[in-house]
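In what follows, a structure is listed as C-alpha cells, so that the remarks can point back to it.
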2 protein chains.
Amino acid sequence: MLTPGLPLYQAKAEFFRTLGHPARIRILELLSERDHAVHELLSEIEIEPSNLSQQLGVLRRAGLVLQHREAGEVRYAIALPEVRALLLSARELLSGLIDEQAELRAQLRS
Amino acid sequence: MLTPGLPLYQAKAEFFRTLGHPARIRILELLSERDHAVHELLSEIEIEPSNLSQQLGVLRRAGLVLQHREAGEVRYAIALPEVRALLLSARELLSGLIDEQAELRAQLRS
DNA sequence: CCATAACTTGAAGACTTCTTCATGTCTATA
DNA sequence: TATAGACATGAAGAAGTCTTCAAGTTATGG
C-alpha cells in the first residue's frame with residue numbers, strides 16, 4: 001500500500017514482503033512479459049482460483065499491477081516498468097548466491 | 001538458505017522474504033557502505049542486541065552477509081556486490097510507486 | 001583465574017500471513 | 001430477466017514470523 005510518512009527502509013521492507021510469495025513472483029514474471037487475463041494466469045500457475053484472486057489483490061493494493069475489464073474477462077498488467085528491472089536484479093543476485101554456495105561446498109569437500 | 005532443487009520462483013520468493021524486514025534492510029544498507037562491527041550496527045539501528053543478532057543470523061543463513069571476528073569484535077560484511085544493485089533497483093521502483101500514487105491522488109481530487 | 005564486554009542462541013507468546021471455503025458481484029447471452 | 005461464466009471478498013484455522021527473555025559463548029583486561 002506504500003503508506004506515506006513511513007521511514008523509507010520500512011517502506012522497502014513492506015515492498016519486499018509483497019514480493020515474498022511464489023505465486024506473486026510468478027504473476028509478476030508472467031505480467032512482465034505481457035498482459036494476462038485472470039484465467040490465463042490460472043492456467044499457468046498451479047493455484048486455486050480464489051487464492052490467485054487473493055494474491056492479485058495483494059499486488060493490486062501494493063500498486064504493482066493494474067486491473068481492467070475487457071470483453072468479459074479481467075486483465076492484469078504491470079503498473080511500472082521498473083518491476084522488470086528489479087526481477088532481473090534479483091535473478092542476478094540469486095545466481096551470485098548459488099555460485100557462492102557452490103564454492104562453499106567445494107571448500108568443504110577439499 | 002537457498003535450498004537446492006527448489007523451483008526458481010520459489011527461491012526468489014524466499015529471497016525477497018529475507019529482505020522483508022526493516023532491520024534487515026537497514027543492516028544491508030549500512031553494510032553496503034562499509035563493513036561494520038555488531039556494536040556499530042547497534043548504535044545506528046534502534047533495536048535490542050538479541051534482536052539484531054537474530055536478524056544478522058537470518059542474513060547469514062541466507063548467504064547475504066559474512067561474519068568474522070577481529071580484535072575482540074565481530075564484524076559483518078556484504079557477501080555479494082549484487083546486493084547494492086538490487087537495493088538501488090528497489091529504491092527506483094519505490095520512487096516510481098510513490099509518483100504513481102501521487103498521480104492517482106491527483107486524479108481523485110480533480 | 002575472574003570479571004567483563006561483545007555477541008549468539010533457543011524458546012515462548014504475540015502477531016501476521018496463507019490457504020481454503022462459502023458466498024457475493026458483475027456481465028454477457030440465451 | 002434468468003443463467004452461467006469469470007472473478008472477488010470475508011472469515012477462519014493452520015502455519016509462519018517477530019520480539020524478547022534468560023542463559024550460553026568467546027575473547028580480553030585486570
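When reading the values below, keep in mind they use all heavy atoms of this one structure, side chains included, and skip hydrogens, waters and symmetry mates. To find a chain, count down the sequence lines: A is the first, B the second, and so on, and within it residues start at 1.
- The distance from the NE2 atom of A:His36 to the OH atom of A:Tyr76 is 14.0 Å, given to the nearest 0.5 Å.
- What separates CD of B:Glu14 from C1' of D:dG16 is a distance of 13 Å, to the nearest Å.
- Closest to the A:His21 side chain, of the nucleotides D:dT19, C:dT19, C:dC7, is C:dT19.
- A side-chain donor-acceptor contact under 3.5 Å links A:Glu40 to the backbone of A:Ala37.
- Contact annotation for A:Arg24: backbone-only contact, meaning every heavy-atom pair under 4.0 Å involves sugar-phosphate atoms and none involves a base.
- Positionally, the nearest nucleotide of DNA chain C for B:Asn51 lies more toward the 5' end than for the other of B:Asn51 and A:Gly72.
- Residue A:Arg69 places none of its side-chain N or O atoms closer than 4.0 Å to OP1 or OP2 of C:dC26.
- Regarding B:Glu46, its CD atom lies at a distance of 15 Å from the C1' atom of D:dT19, rounded to whole Å.
- Judged purely by atom type and a 3.5 angstrom limit, B:Arg24 has no side-chain atom pairing as donor or acceptor with the backbone of B:Gln55.
- Rounded to whole angstrom, the span from the CD1 atom of B:Ile45 across to the P atom of C:dC7 amounts to 13 Å.
- Place B:Glu70 and B:Glu48 on DNA chain D by their nearest nucleotides, and B:Glu48 ends up nearer the 5' end.
- Contact annotation: A:Gln55 side-chain N/O to C:dT19 OP1/OP2 distance is under 4.0 Å.
- For A:Tyr76, no side-chain nitrogen or oxygen approaches OP1 or OP2 of D:dA6 to under 4.0 Å.
- In this model, the phosphate group of D:dC18 is not approached by any side-chain N or O of B:Arg17 to a distance below 4.0 Å at OP1 or OP2.
- Atom-to-atom, CG of B:Leu52 to C1' of C:dA6 comes out at 12 Å; the value is rounded to the nearest Å.
- Atom CD1 in B:Ile27 sits about 13 Å away from atom C1' in C:dC7, given to the nearest Å.
- For the pair B:Glu73 CD and C:dT8 P, the interatomic distance rounds to 12 Å; values are reported in whole Å.
- For B:Val38, taking side-chain heavy atoms from C-beta onward, the closest of the listed nucleotides C:dT8, D:dC18, D:dA8 is C:dT8.
- In summary, B:Glu73 and B:Arg75 engage in a salt bridge, as defined by a charged side-chain N under 4.0 Å from a carboxylate O.
- Taking only distance into account, the side chain of B:Ser50 meets the base of D:dC21 through a donor-acceptor pair shorter than 3.5 Å.
- Rounded to whole angstrom, the span from the NE2 atom of A:His68 across to the P atom of C:dT27 amounts to 14 Å.
- A salt bridge does not link B:Arg84 to B:Glu29: none of the charged side-chain nitrogens sits closer than 4.0 Å to a carboxylate oxygen.
- With salt bridges taken as basic N to acidic carboxylate O contacts below 4.0 Å, none links B:Arg26 and B:Glu46.
- Rounding to whole angstrom units, CG of residue A:Leu56 and C1' of D:dA8 are separated by 10 Å.
- Comparing D:dA11, D:dC18, C:dT8 by their closest approach to the side chain of A:Gln54 singles out D:dA11.
- The listed nucleotides are D:dA8, D:dC18, C:dT8; the one nearest the side chain of A:Arg60 is D:dA8.
- Contact between the side-chain N/O atoms of A:Gln67 and the OP1/OP2 oxygens of D:dC7 is not found at any separation under 4.0 Å.
- Ranked by how close their nearest DNA chain D nucleotide is to the 5' end, A:Glu40 and B:Val58 are led by A:Glu40.
- The phosphate of C:dA5 has neither OP1 nor OP2 within less than 4.0 Å of any side-chain N or O from B:His39.
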